[in-house]
Amino acid sequence: MKKKVLTNILALICVIVLTNCSKVTDINKIGGTYIGTYTWKNLTHNQSWSSTPTIELGNGKYTYQGFANDDPLFDSGYGNFTIKDNKIIFELTYYHVPEGMLPHPIEGFDHWFLKGEYKYKFDGHKLILSKTSTVNAEKYKYEFELERARW
């Protein structure tokens with residue numbers, strides 16, 4: 001009986017260690033600088049916009065810089081990220097808003113600062129992030145198609 005309990009405890013420890021190792025590996029594999037397109041669509045009104053962001057990921061931290069036709073409205077921010085169940089969760093801790101703008105992101109439009117939970121696909125070079133949400137009764141879809149920068 002004692003041997004069986006010890007065997008089960010050892011098996012449980014192995015599962016916990018392997019699970020945590022895969023999460024760390026995912027975060028480490030995805031690290032780097034990415035450049036690409038960010039398209040957000042208002043599905044309710046069939047409208048879309050796009051920008052050209054640069055995103056840096058590393059050690060559970062990220063920075064985001066996005067520009068649309070050199071419009072300063074699309075700014076920058078940074079925070080922490082985690083990976084869980086094929087999703088990346090971005091926690092925005094700082095953002096820069098241009099002079100004359102509101103001192104905080106307008107409710108529902110803080111997605112411009114890369115915030116929230118995104119589904120992701122990563123093939124070692126190309127990173128695709130996507131999510132949908134409803135804001136003020138309107139449905140939106142957000143998609144990033146990014147490639148790892150080669151410096």
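All heavy atoms count here, side chains included; hydrogens, waters and symmetry mates do not.
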Asks: Measure the NZ-OG distance between K141 and S133 for me, rounded to the nearest 0.5 Å.
Replies: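 Reported to 0.5 Å precision, the distance equals 12.0 Å.
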
Asks: Counting only heavy atoms not in N59, do more than 12 sit closer than 6.0 Å to its CG atom?
Replies: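 Check fails, neighbour count at 12 or below.
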
Asks: Any side-chain heavy atom of S130 sitting closer than 4.5 Å to one from Y120?
Replies: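 The answer is no, as the side chains (C-beta and beyond) never meet within the 4.5 Å cut-off.
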
Asks: Check whether the side chains of Y94 and S76 place a donor and an acceptor atom closer than 3.5 Å, and report yes or no.
Replies: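 Note: Y94 and S76 side chains miss the donor-acceptor criterion.
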
Asks: What closest approach, in Å, do G31 and R148 show between heavy atoms, and which atom pair accounts for it?
Replies: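 Nearest pair, atom of G31 first, then R148: O-NH2, 2.9 Å.
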
Asks: Can you tell me how far the OG1 atom of T33 sits from the CD atom of E56, to the nearest 0.5 Å?
Replies: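 Here the interatomic distance stands at 4.0 Å.
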
Asks: Work out which heavy atom in G77 is nearest to a heavy atom in L92; give both atom names and the distance.
Replies: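 In this case the closest contact between G77 and L92 is CA-CD1, 4.3 Å.
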
Asks: Would you say L114 ends up clustered with W49 if hydrophobic residues are merged whenever their side chains have heavy atoms under 4.5 Å apart, either directly or through other cluster members?
Replies: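 Same cluster: W49 reaches L114 through Ile, Leu, Val, Met, Phe, Trp or Tyr contacts under 4.5 Å.
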
Asks: Could you give the distance from OG1 (T132) to NZ (K119), rounded to the nearest 0.5 Å?
Replies: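 Those atoms lie 7.0 Å apart.
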
Asks: When you compare the side chain of F144 with that of I128, does any pair of heavy atoms fall below 4.5 Å?
Replies: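 I128 vs F144: side chains apart.
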
Asks: Taking atom CD of E145 and atom NZ of K121, what is their separation to the nearest 0.5 Å?
Replies: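 The distance works out to 10.0 Å.
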
Asks: Does a side-chain heavy-atom distance below 4.5 Å link Y118 with I89?
Replies: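 With C-beta onward as the side chain, the pair stays apart.
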
Asks: Set out, in order, the CA-CA distance, both residues' side-chain angles and the distance that settles side chain to side chain contact (heavy atoms under 4.5 Å, CB included) for I88 and T82, then state yes or no.
Replies: CA-CA 6 Å; I88 297 180; T82 55; over 6 Å; no

Asks: In the structure I gave you, are the side-chain heavy atoms of Y64 and T54 within less than 4.5 Å of one another anywhere?
Replies: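 No, every pair of side-chain atoms sits at 4.5 Å or beyond.
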
Asks: Report yes or no: does T93 contribute a side-chain atom to a donor-acceptor pair with the main-chain N or O of Y78 at less than 3.5 Å?
Replies: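 Confirmed, T93 side chain pairs with Y78 backbone.
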
Asks: Looking at every non-hydrogen atom in both residues, tell me the closest pair between G36 and P53 and how far apart they are.
Replies: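 Residues G36 and P53, closest heavy atoms: O-CD, 3.2 Å.
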
Asks: Counting heavy atoms not belonging to N46, are there more than 12 under 6.0 Å from its CG?
Replies: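 No, because the 6.0 Å sphere around CG of N46 holds 12 heavy atoms or fewer from other groups.
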
Asks: Taking the side chain as every heavy atom from C-beta outward, state whether K115 and E91 have any pair of such atoms under 4.5 Å apart.
Replies: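 Side-chain contact under 4.5 Å: no.
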
Asks: So do the side chains of I55 and L146 get within less than 4.5 Å of each other, counting heavy atoms only?
Replies: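 Side-chain contact under 4.5 Å: yes.
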
Asks: Mind checking whether F90 and Y62 have side chains closer than 4.5 Å, heavy atoms only?
Replies: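 Side-chain contact under 4.5 Å: yes.
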
Asks: Do the rings of Y140 and Y142 sit parallel, tilted or perpendicular, given the 30° and 60° boundaries?
Replies: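 Aromatic pair Y140/Y142 classed parallel.
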
Asks: Looking at K126 and E147, is any side-chain nitrogen of the basic one under 4.0 Å from a carboxylate oxygen of the acidic one?
Replies: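 Answer for the salt bridge query: no.
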
Asks: Decide side chain to side chain contact (heavy atoms under 4.5 Å, CB included) for K41 and E143; before the verdict, give the C-alpha distance in whole Å, the side-chain angles of both, and the deciding distance to 0.1 Å.
Replies: CA-CA 9 Å; K41 299 173 185 176; E143 295 178 307; 3.8 Å; yes

Asks: Would you give the length of the straight line joining atom OH of Y34 to atom NE2 of H125, rounded to the nearest 0.5 angstrom?
Replies: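 Rounded to the nearest 0.5 Å, the OH-NE2 separation comes out at 9.0 Å.
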
Asks: Which pair of non-hydrogen atoms, one from A149 and one from I35, has the smallest distance, and what is that distance?
Replies: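 Minimum heavy-atom separation between A149 and I35: CB-CD1, 4.1 Å.
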
Asks: Please answer whether the main-chain N or O of K87 pairs with a side-chain N or O of D85 as donor and acceptor at a distance below 3.5 Å.
Replies: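 Side chain of D85 to backbone of K87, a donor-acceptor pair under 3.5 Å: no, none is there.
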
Asks: Shortest non-hydrogen contact from T39 to S50?
Replies: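 Smallest heavy-atom distance, with atoms named: OG1-CB, 3.9 Å.
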
